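Taking it in order: structure first as structure tokens, then the write-up.
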Amino acid sequence: MMSDIKKTIYQSIGKFEDTRFEKIHNITYQSSQEASVLVAQEIAQLIRKKQQEKAICVLGLATGSSPVKVYEELVRMHREEELSFKNVITFNLDEYYGMDKSNIQSYFYFMHEHLFNHVDILPENINIPDGTVTAKNILQYCIDYEMKIKKVGGLDFQLLGIGRTGHIGFNEPGSHFNSETRIITLDHITRIDAAPSFFGIENVPRKAITMGIGTVKNAKRIVLLAWGANKTIIIKKTIEGEISANVPATYLQHHNNTTFVMDKEASAKLTRVKTPWLVRSCIWDTSLKLQAVVWLSNLLKKPILKLTDKDYNTNGMSGLLMQEGAAYDLNIKMFNKLQNTITGWPGGKPFADDAKRPERANPAKKRVIIFSPHPDDDVISMGGTFDRLLRQGHEVHVAYQTSGNIAVSDEEALKFAEVSKEINSDSKKVSEIIDFLKNKKRNDAIDSLEVRHLKRTIRKRESLAATRYLGLSDKNVHFLNLPFYETGTIKKGNLSNKDIHLMTSLIDTIKPHQIYAAGDLADPHGTHKVCLDALFIALKEVKDKKYMNDCWVWLYRGAWHEWESYEIDMAVPLSPDQVLRKRHAIFYHQSQKDGVMYQGDDSREFWVRVEDRNRLTAVKYNDFGLADYAAIEAFKRYHF
């Protein structure tokens with residue numbers, strides 16, 4: 001019998017012609033939270049069905065950030081809806097090899113922290129690969145793990161995430177479609193993605209024990225979770241590409257009961273999302289027209305004003321031409337729409353016609369809040385716009401939402417502590433900090449309060465140095481230190497009323513005409529997304545206040561991604577001199593400049609990365625036939 005949850009999924013997918021490029025059933029939700037609740041409900045329904053049949057329920061479970069919200073919902077249902085796990089047997093996909101169970105980076109620790117410690121599952125029914133098995137015994141151990149799964153009748157349900165290499169479990173590129181539980185060497189990209197949890201790639205294990213592709217494919221039901229913009233490329237390859245050992249997740253195309261559950265960011269490059277006109281007739285509103293024209297200009301490498309009727313007709317947009325009449329008229333409309341996003345006056349140009357400008361002319365002097373998730377996102381992501389707002393006379397405030405303390409390396413903190421010791425040799429507190437840092441083991445979960453305070457102070461003082469360089473008064477710099485972040489570990493708390501109160505209080509005090517905030521959704525469970533959620537909740541609380549009628553919200557993106565050209569509502573060109581000023585402001589964040597802890601898979605320093613990104617945005621505008629600028633910072637307006 002198909003579950004009610006699964007029926008809902010199938011009914012939601014849309015017409016078959018929409019998905020003709022897709023080889024795996026999938027569904028997209030607005031948010032990972034909404035999707036996670038649905039998946040948890042399906043798992044709960046299966047557990048209860050098995051209980052009614054007086055049978056065991058065998059679950060294959062995954063780790064990583066993707067299933068966290070699913071586990072949170074299962075725990076909630078256990079506490080509030082009497083969902084019992086006494087008939088459940090679990091098998092985890094994988095574990096790092098050489099990893100002790102007590103290590104906070106182990107998947108044993110992860111599963112108990114997020115699920116097992118909070119439900120009534122029997123300890124003997126929990127199966128997680130043992131990362132401490134000796135090399136001599138590892139082969140037999142893997143065979144035994146495989147046989148244990150088969151002995152209980154196989155997996156009723158397998159929950160999966162997907163890595164950027166296309167791995168499921170730790171089945172890296174090159175894995176065979178019939179592979180079983182085994183030890184495997186981790187791909188470099190996989191280790192890079194794990195690096196933040198390990199405080200650097202050098203600490204990430206090189207090997208892991210994993211269930212095989214064949215083991216996973218034998219599950220009766222498979223649900224794969226994919227969240228965030230950094231999964232878009234691999235999701236498109238997996239769902240629309242050919243089956244290949246280079247993308248192990250494509251083997252799931254052969255499984256007849258698999259669903260990929262995604263948020264809208266992860267699905268953004270699927271054909272039916274990115275280029276819907278290639279699969280169906282479209283309702284051509286202005287935003288879709290711009291998306292299509294930008295896509296066609298990029299595809300053909302032609303300026304917008306040089307696109308022809310033939311270009312549109314041969315690339316699936318004859319319906320658009322029928323509506324618009326001719327390429328000539330459409331091209332001019334879309335060219336003008338892009339051109340009208342460009343402004344050297346991000347706060348609005350006083351006493352000027354603002355009908356075709358992205359921002360209002362009045363009031364001439366605006367009160368502005370720049371929300372920065374970490375104490376450097378402001379200058380990294382919008383340093384040029386920040387500088388221009390100040391130079392054009394606006395009342396600018398910067399609010400650093402978190403302290404960013406965990407991004408300061410122990411080596412950097414020790415350097416500052418030793419300098420302080422030289423100045424004040426009698427300080428007992430400084431001596432204790434130095435002793436702690438020198439004796440700290442790599443896998444210590446939490447810094448001492450004194451060390452966390454030192455790291456927070458380093459980030460604070462770097463931020464003040466950068467904002468002073470740009471000409472902002474210290475009294476206009478606000479360090480919110482939102483409590484959700486201050487756990488001392490990679491794992492953060494949930495947003496609380498205290499977090500939201502700090503946000504609303506600042507907004508209520510300043511009564512802004514403009515709010516700038518980080519709209520970077522690469523990781524839906526990352527700090528940027530949580531900080532954005534905090535802002536959205538705060539805006540809901542204050543939206544009925546009179547001053548909010550005059551407040552506009554602009555979203556910028558971080559060092560990794562930029563808005564698509566058709567998404568940009570305001571493009572602020574930077575002169576070569578402003579590019580240099582922005583670079584110098586970034587340089588004041590010295591603890592993040594060299595050997596930054598959370599580099600991602602890009603070895604360039606932040607200032608190089610963001611300059612290249614701003615330059616590329618300018619090049620794209622020029623390729624469309626617009627003016628040639630040194631760099632452009634881009635913003636999308638959020639309508640709350």
Side-chain angles (χ1 to χ4, degrees), residues 5 31-52 55-96 99-131 152 155-161 169 197 221 223 225 227 261 443 445-446 483-499 523-526 529-530 533:
I5 300 299
S31 71
S32 60
Q33 178 66 42
E34 177 189 4
S36 295
V37 168
L38 183 141
V39 172
Q41 289 173 352
E42 181 176 341
I43 294 171
Q45 190 174 33
L46 176 62
I47 292 172
R48 289 180 170 130
K49 178 176 178 289
K50 291 286 187 176
Q51 287 168 349
Q52 291 174 354
I56 61 170
C57 180
V58 186
L59 302 179
L61 300 180
T63 50
S65 62
S66 297
V68 166
K69 296 297 181 182
V70 174
Y71 297 149
E72 283 184 8
E73 179 64 12
L74 288 172
V75 170
R76 187 200 66 78
M77 285 192 278
H78 169 71
R79 289 174 175 167
E80 300 177 12
E81 300 176 10
E82 299 182 348
L83 175 65
S84 175
F85 287 75
K86 288 184 177 178
N87 71 318
V88 174
I89 297 176
T90 65
F91 289 89
N92 260 75
L93 279 165
D94 43 30
E95 178 61 280
Y96 291 109
M99 184 72 72
D100 188 85
K101 293 178 181 178
S102 62
N103 192 307
I104 63 167
Q105 309 300 347
S106 73
Y107 288 160
F108 183 95
Y109 183 94
F110 176 98
M111 288 305 305
H112 285 78
E113 181 84 358
H114 289 282
L115 181 63
F116 297 146
N117 287 345
H118 312 289
V119 298
D120 61 347
I121 190 169
L122 302 175
E124 60 268 27
N125 286 349
I126 297 171
N127 298 278
I128 302 172
D130 184 352
V152 296
L155 302 169
D156 294 309
F157 184 102
Q158 177 64 62
L159 189 65
L160 295 174
S197 296
R221 168 77 169 136
V223 171
L225 311 175
W227 318 134
V261 177
N443 292 311
I446 302 177
F484 86 86
Y485 184 89
E486 297 302 323
T487 62
T489 68
I490 297 295
K491 183 185 176 185
K492 303 306 175 192
N494 293 321
L495 283 173
S496 66
N497 290 334
K498 191 177 291 186
D499 294 295
D523 178 1
H525 303 307
K529 178 60 166 63
V530 179
D533 287 342

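Values in this document were obtained by computation on a predicted structure and should not be read as measured data. Sequential numbering from 1 along the given sequence is applied to the chain's residues.
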Problem - Side chains of C57 and L46 in contact at under 4.5 Å (non-hydrogen atoms) - result: yes
Practice task
Please check if the side chain of N127 supplies one atom and the backbone of T90 the other of a donor-acceptor pair under 3.5 Å.
Solution key: yes
Handout entry: Worked check of side chain to side chain contact (heavy atoms under 4.5 Å, CB included) between V152 and I56
Key = CA-CA 8 Å; V152 296; I56 61 170; 4.0 Å; yes
Practice task
Would you give the length of the straight line joining atom CD of E82 to atom CG of D120, rounded to the nearest 0.5 angstrom?
Solution key: 11.0 Å
Practice task
Could you grab the distance from atom NZ of K50 to atom CG of D156, nearest 0.5 Å is fine?
Solution key: 4.0 Å
Problem - Any V119 side-chain heavy atom under 4.5 Å of L74 side chain - result: no
Completion exercise
Here the gap from F116 atom CZ to I126 atom CD1, rounded to the nearest 0.5 Å, amounts to 4.5 Å
Practice task
Indicate yes or no: at least one non-hydrogen side-chain atom of L59 is less than 4.5 angstrom from one of L159.
Solution key: no
Handout entry: Heavy-atom side-chain contact between D533 and K529 under 4.5 Å
Key = yes
Problem - Value rounded to 0.5 Å, distance of NZ in K101 from CE in M111 - result: 14.0 Å
Completion exercise
Residues G161 and A62: closest non-hydrogen pair is N-CB, 4.2 Å
Problem - E81 CD: over 12 foreign heavy atoms closer than 6.0 Å - result: yes
Practice task
Using the side-chain contact (heavy atoms from CB on, under 4.5 Å) rule, pick out the option among R79, M77, E72 that qualifies with V75.
Solution key: R79
Handout entry: Close side-chain approach of V88 and N125, heavy atoms under 4.5 Å
Key = no
Practice task
Could you tell me whether the side chain of Q105 and the main chain of Y96 form a donor-acceptor pair under 3.5 Å?
Solution key: no
Exercise for the section: Work out which heavy atom in E73 is nearest to a heavy atom in A40; give both atom names and the distance. Expected result: CG-CB, 3.5 Å
Exercise for the section: Please check if the side chain of E95 supplies one atom and the backbone of F108 the other of a donor-acceptor pair under 3.5 Å. Expected result: yes
Handout entry: Nearest heavy-atom neighbours spanning D94 and T63
Key = OD1-OG1, 3.8 Å
Exercise for the section: Applying side chain to side chain contact (heavy atoms under 4.5 Å, CB included), run through L93 and Q158 and close with a yes or a no. Expected result: CA-CA 9 Å; L93 279 165; Q158 177 64 62; 3.5 Å; yes
Exercise for the section: Please tell me if the side chains of S106 and D100 come closer than 4.5 Å, counting only heavy atoms from C-beta onward. Expected result: no
Exercise for the section: State whether the side chain of N117 and the backbone N or O of H112 hold a donor-acceptor pair below 3.5 Å, judged by distance alone. Expected result: yes
Exercise for the section: Measure up the F110 and H114 rings against each other and bin them: parallel (under 30°), tilted (30 to 60°), perpendicular (over 60°). Expected result: tilted
Exercise for the section: Please check if the side chain of H118 supplies one atom and the backbone of E113 the other of a donor-acceptor pair under 3.5 Å. Expected result: yes
Completion exercise
Smallest heavy-atom separation, L122 atom then K86 atom, equals CD1-O, 4.0 Å
Exercise for the section: Please tell me if the side chains of L38 and E34 come closer than 4.5 Å, counting only heavy atoms from C-beta onward. Expected result: no
Practice task
Could you tell me which non-hydrogen atom of I89 sits nearest to which non-hydrogen atom of F91, and how far apart they are?
Solution key: CG2-CE1, 3.6 Å
Exercise for the section: Would you name the heavy atoms of Y109 and N103 that are closest together and state the gap between them? Expected result: CB-O, 3.4 Å
Practice task
Find out whether W227 and K69 are in side-chain contact, i.e. whether some heavy atom of one side chain is under 4.5 Å from a heavy atom of the other.
Solution key: no
Practice task
Look at the aromatic rings of F85 and H78 and report parallel, tilted or perpendicular, splitting at 30° and 60°.
Solution key: perpendicular
Completion exercise
Separation between CE (M99) and CD1 (I104), nearest 0.5 Å, reads 9.5 Å
